[in-house]
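Just so we're on the same page: letters track the sequence lines, and every chain starts at 1.
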Amino acid sequence: MRFSTLFAPTLKDDPTDAEVVSHKLLVRAGMIRQIARGIYDYLPLGLRVLKNVENIVREEMNRAGAQELLLPAVCPAELWQESKRWDVYGKELLRLKDRHERDFCIGPTHEEVITDVVRSAVRSYRDLPLNLYQVQTKFRDEIRPRFGLMRGREFLMKDAYSFHTDKADCEREYRHMFEAYERIFRRCGLEFRAVEADTGAIGGSLSHEFQVLADSGEDAIAACSACSYAANVELAALGEPTPDALTEEVSVELQRVATPSQRTVEDVSSYLDLPVDRFIKTLIFEKDDGSPVAALVRGDQTLSEAKLRAALGCEWVRLAEADTVHEVTGASVGFAGPVGLDAPIVADLSLHGIRGAASGANSDDEHLVGVEHGRDFGTGVTFADLREAVAGDRCPRCGEGTYAIHRGIEVGQVFYLGTKYSNALGATYLDAEGQTKPIEMGCYGIGISRTMAAAIEQSHDDDGIIWPQPLSPYPVEIIPVSLTDAAVVETAEKLDAALREKGHEALVDDRDERAGVKFKDADLIGIPLRVTVGKKGLEKGIVELKHRADGTVEEIPIGEAPARLVEKIG
RNA sequence: CGGGGUGUAGCUCAGACUGGUAGAGCACUGCGUUCGGGACGCAGGGGCCGCAGGUUCAAAUCCUGUCACCCCGACCA
């Protein structure tokens, strides 16, 4: 490809509407343009990267025995009404009407549509198992799209769905897909962790997320230093707390103290001059059945809603509104506490046996100090693992390592769905005994466009993108330093032709620009291998090979260049 | 949806408080010089100042409304 004809409008300045580095660099490198919030144009260079990710995913899915199909982006409402998600999904689902006023939506995910195809075609256990996937543009009308391609509204996704006669076979396929995903992200040249995950709104009971490690990631992952266990901090298991100063604290008298307008743990902590870990944080939640529940964690801990849901065994919980809080506690938000509270209480394990603690007094502008579990509260309290994991927590799986916290970008997720959708939509098969049974399902997603952005978040420097070789829009960039030197131009062209003959298309910067401009654009665009052809080198019979990642330069005899490059491209 | 911010040339931004009819740098076009890390000179082209109302002799500037985009929050593969 000749740069002189390439449509790659590079920019010197960061666009004002971009915040994260992948968004800035993709726009500056002329790979994408924003056309509306969360919606982007893919320009030629960007599309090549996207296709590289897509092709790796496709090859590995096919290798794993899945079959590609393509479902419609615009889906009839009926299927969504059947699964109840027409009502449950909310505003994130983009709805539209056709000319006959019939309801449709733009598919944000395709469980309903694929289940419809399968229920209409699969009759017998002999037709199973099946694994069907597609690569398709999805639309989710996010409340707040941000971070460029990392959380767009329109995005490219690979979604696969598998269908089985029983749970055991579905779990087999789940593991099979898990391994395929490991191959995919390894082939993309990404540093990632597969972590245990919450199953969220899609439902099901077993799930792993594939997280690309990057400091800018939205998710926090706890990974054990000794074993292979890793999980989202919201879910990372925590064992019984070791006895510490808080439970060995001597018993003191319960006292009511005035704390005017001191609502947050930090406020009260500094007002009373007590460390935050001596506080019992009391959060009032509303459950899916509408009833209130109080959740307790220590002042220095963060409550995990996912763990709370699991402890309560309910579909969802949400923080109660101010008037509900007032009804339950008799006080404004900020003064709740477990003592004398007339509501079910779930407390984190670390609060078991706590003494000399502080909490809200269920009365405006008042807190309690000297609070003691067992003496002052405890009846009707259940204890559970409720808090998010933090660095240094002991891993209960192996009992040896401790957690380190990494930031991650979720690029893929695998779910065991069970019969949630097959039951809702009546997808059944006849078993060998002629009995009608619901089909067991799994689903497996990869954010293709998000993976492209995650690669940049993980791999860039002040000068621009550093693509992993497998994702790079071109494997090599060739820069003839001067266009007026016939030998330089000819050498560059011959090298380009030699590479083409070996099946690799290089990007040749044949623009009539000064060398500095070409070097700057090359760094920005981030092709991992750069060959500089210049007069000085030719006099020595060499071209220079510069590695984008570490800046190292090798001098290569002209004749050896094609072979050496092919070797490095791999 | 709540809070905050920004809309002026392709890009990054001045100008607004104090109303008088549009600017800079980069990019672009032409000529010349230059040519291995974003060159220089000269000469050019390009904007209904987001949109719609209003005030005024006069509005980018003041007022009202509206739309778009960005950030924080709630929410979320």
Side-chain angles (χ1 to χ4, degrees), chain A residues 9-20 23-24 27-28 30 33-39 88-93 107-111 138-148 150-159 197-204 207-211 218-219 232 234 305-306 316-321 408-415 443-451 454 462-464 479-485 488 509 511-524 530-539 543-544 546 551 553:
Chain A
T10 58
L11 300 173
K12 284 186 181 175
D13 297 310
D14 285 337
T16 19
D17 55 3
E19 185 74 7
V20 294
H23 188 189
K24 287 178 183 170
V27 173
R28 283 190 54 205
R33 283 283 167 101
Q34 182 169 348
I35 184 166
R37 71 193 304 241
I39 305 178
V88 174
Y89 219 98
K91 287 190 176 171
E92 209 178 302
L93 184 66
T109 175
H110 280 68
E111 283 82 5
K138 299 284 196 258
F139 195 93
R140 295 184 190 175
D141 201 356
E142 295 272 351
I143 296 171
R144 184 145 98 85
R146 56 188 132 174
F147 307 146
M150 295 223 285
R151 185 171 290 283
R153 291 193 292 173
E154 186 179 285
F155 58 100
L156 191 67
M157 181 180 184
K158 184 281 301 180
D159 48 327
D198 187 23
T199 51
I202 290 186
S207 178
H208 283 86
E209 290 169 349
F210 285 76
Q211 296 269 359
E218 283 190 271
D219 294 324
N232 198 304
E234 289 187 351
E305 286 192 16
W316 55 263
V317 293
R318 65 164 174 242
L319 265 175
E321 305 287 334
I409 300 162
E410 184 199 335
V411 289
Q413 188 162 17
V414 290
F415 280 101
C443 79
Y444 320 92
I446 290 179
I448 307 268
S449 41
R450 183 183 278 185
T451 299
D462 289 344
D463 293 318
I479 298 185
V481 164
S482 164
L483 295 188
T484 52
D485 187 321
V488 166
D509 197 342
R511 293 176 300 171
D512 187 13
E513 292 284 357
R514 311 181 108 235
V517 173
K518 298 185 184 188
F519 292 147
K520 287 288 184 187
D521 272 345
D523 287 345
L524 182 58
R530 187 184 93 193
V531 177
T532 309
V533 182
K535 195 173 172 182
K536 285 188 280 181
L538 294 191
E539 279 164 8
V543 293
E544 291 162 30
K546 183 164 184 175
V553 177

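Using the Watson-Crick or G-U wobble rule with both distances under 3.5 Å, B/A77 pairs with nothing in any strand shown. Base pairing analysis places B/A52 opposite B/U64; the two distances defining the Watson-Crick or G-U wobble pair are each below 3.5 Å. Pairing of B/C28, defined by two Watson-Crick or G-U wobble distances under 3.5 Å, is identified with B/G44. Pairing for B/G38 is absent, with no Watson-Crick or G-U wobble pair whose two atom distances lie under 3.5 Å. When Watson-Crick and G-U wobble pairs are counted only if both distances are under 3.5 Å, B/G20 pairs with B/C57. As the counterpart of B/A9, no nucleotide is assigned, since no Watson-Crick or G-U wobble pattern has both distances under 3.5 Å.
Comparing B/G25 with B/C40, their P atoms sit 11 Å apart, to the nearest whole Å. For the P atoms, the distance from B/U55 to B/C63 is 15 Å, rounded to whole Å. Rounded to a whole angstrom, the distance from the P atom of B/C48 to that of B/C11 is 14 Å. Rounded to whole Å, the separation between the P atoms of B/A39 and B/A27 comes to 8 Å. The gap from the C1' atom of B/G47 to that of B/A22 amounts to 8 Å, rounded to the nearest Å. Taking the P atoms as reference points, B/G50 lies 15 Å from B/G15, given to the whole Å. Rounded to whole Å, the P atom of B/G19 lies 27 Å from the corresponding atom of B/U66. Here the separation of B/A16 from B/G7, taken at their C1' atoms, is 14 Å to the nearest Å.
Among B/G37, B/A77, B/A74, the nucleotide with an atom closest to any side-chain atom of A/R144 is B/A74. Candidate nucleotides B/A77, B/C69, B/G36 were compared by shortest atom distance to the side chain of A/V481, and B/G36 ranks first. Distance from the side chain of A/E305 is smallest for B/C75 among the nucleotides B/C75, B/U34, B/G38. Closest approach to the A/R140 side chain among B/C11, B/C69, B/A77 is made by B/A77 (side chain taken as heavy atoms from C-beta onward). Listed nucleotides: B/A74, B/C69, B/G36. Nearest to the side chain of A/F519: B/G36.
Within the 4.0 angstrom heavy-atom criterion, base atoms lie near A/D523. A/P9 comes within 4.0 angstrom of no nucleic acid atom, judged by non-hydrogen atoms across all strands. Across all strands, A/K138 comes closer than 4.0 Å to no nucleic acid atom at all (heavy-atom distances). If you check every strand for non-hydrogen atoms under 4.0 Å, A/G534 touches a base. Nucleic acid contact class of A/G551 (heavy atoms, under 4.0 Å, all strands): none. Note on A/K535: a base of the nucleic acid sits closer than 4.0 angstrom, heavy atoms only. Counting any heavy atom pair closer than 4.0 Å across all strands shown, A/R33 reaches no nucleic acid atom. Among the atoms of the strands shown, none is found under 4.0 Å from any heavy atom of A/E209. Across all strands shown, A/E544 has heavy atoms under 4.0 Å from base atoms, whether or not it also approaches the sugar-phosphate. Among the protein residues, A/T484 comes within range of no part of the nucleic acid, since none of its heavy atoms lies under 4.0 Å from any strand. Using a 4.0 Å heavy-atom criterion, one finds that A/R530 contacts the bases of the nucleic acid, with or without backbone contacts as well. Among the heavy atoms of the strands, none lies under 4.0 Å from A/K91.
Listed here is the closest heavy atom pair of A/Y444 and A/F415: CE2-O, 4.2 Å. What you find for A/H23 and A/E19 is that their closest heavy atoms are ND1-N, 4.3 Å.
How far CG of A/L11 is from NZ of A/K24: 13.5 Å, rounded to the nearest 0.5 Å. Here CZ of A/R530 is found 5.0 Å from CD1 of A/I479. Values are rounded to the nearest 0.5 Å. In this structure, A/Q413 CD and A/Q211 CD are separated by 9.0 Å, a value rounded to the nearest 0.5 Å.
The residue among A/F147 and A/V517 whose nearest nucleotide of RNA chain B lies closer to the 5′ end is A/V517. Each of A/R153 and A/D512 was assigned the nucleotide of RNA chain B with the nearest heavy atom; the assignment lying further toward the 5' end belongs to A/D512.
A donor and an acceptor atom never sit less than 3.5 Å apart when one is taken from the side chain of A/R146 and the other from the base of B/G73. Between the side chain of A/R151 and the base of B/C76 there is at least one donor-acceptor pair of N/O atoms closer than 3.5 Å. Taking only distance into account, the side chain of A/K12 never meets the base of B/G25 through a donor-acceptor pair shorter than 3.5 Å. Scanning atom types as modelled, no donor and acceptor separated by under 3.5 angstrom connect the side chain of A/R37 and the base of B/A68.
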Begin from the C-alpha positions of A/I39 and A/F139 and carry the test side-chain contact (heavy atoms from CB on, under 4.5 Å) through to its verdict.
CA-CA 9 Å; A/I39 305 178; A/F139 195 93; 3.8 Å; yes
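Atom pair A/E142:CD and B/G73:P shows a separation of 15 Å (rounding to whole Å applied). Straight-line distance from the CD atom of A/E234 to the P atom of B/C75: 11 Å, rounded to whole Å. Rounded to whole angstrom, the span from the CD atom of A/E19 across to the C1' atom of B/C72 amounts to 11 Å. Between the CD atom of A/E218 and the P atom of B/G73 there is a distance of 10 Å, rounded to whole Å. Look at CD on A/E92: it is 14 Å from C1' on B/A74, rounded to the nearest Å. In this structure, CD of A/E111 is placed 12 Å from P of B/A77, rounded to the nearest angstrom. A straight line from CG of A/D521 to C1' of B/G37 spans 12 Å, rounded to a whole angstrom. Going from atom NE2 of A/H208 over to atom P of B/A77 covers 18 Å, rounded to whole Å.
In terms of phosphate contacts, A/Q34 brings no side-chain nitrogen or oxygen within less than 4.0 Å of OP1 or OP2 of B/A68. In terms of phosphate contacts, A/T532 brings no side-chain nitrogen or oxygen within less than 4.0 Å of OP1 or OP2 of B/G36.
Taking 4.0 Å as the cut-off between side-chain N and carboxylate O, A/D14 and A/R28 count as a salt-bridged pair.
In this structure, A/E92 contributes its side chain and A/D141 its backbone to no donor-acceptor pair below 3.5 Å. In terms of modelled atom types and a separation under 3.5 Å, the side chain of A/R140 and the main chain of A/R153 share no donor-acceptor contact.
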Going by atom type alone, with no hydrogens or angles, which donor-acceptor pairs under 3.5 Å involve a side-chain atom of residues 514-521 of chain A and a protein atom two or more places apart or on another chain?
{"from": "A/K518", "atom 1": "NZ", "to": "A/P480", "atom 2": "O", "distance (Å)": "3.1"}
{"from": "A/K518", "atom 1": "NZ", "to": "A/D509", "atom 2": "O", "distance (Å)": "3.0"}
{"from": "A/K518", "atom 1": "NZ", "to": "A/R511", "atom 2": "O", "distance (Å)": "2.9"}
{"from": "A/D521", "atom 1": "OD1", "to": "A/T10", "atom 2": "OG1", "distance (Å)": "3.1"}
{"from": "A/D521", "atom 1": "OD2", "to": "A/T10", "atom 2": "OG1", "distance (Å)": "3.4"}
{"from": "A/D521", "atom 1": "OD2", "to": "A/R511", "atom 2": "NH1", "distance (Å)": "3.2"}
{"from": "A/D521", "atom 1": "OD2", "to": "A/R511", "atom 2": "NH2", "distance (Å)": "3.1"}

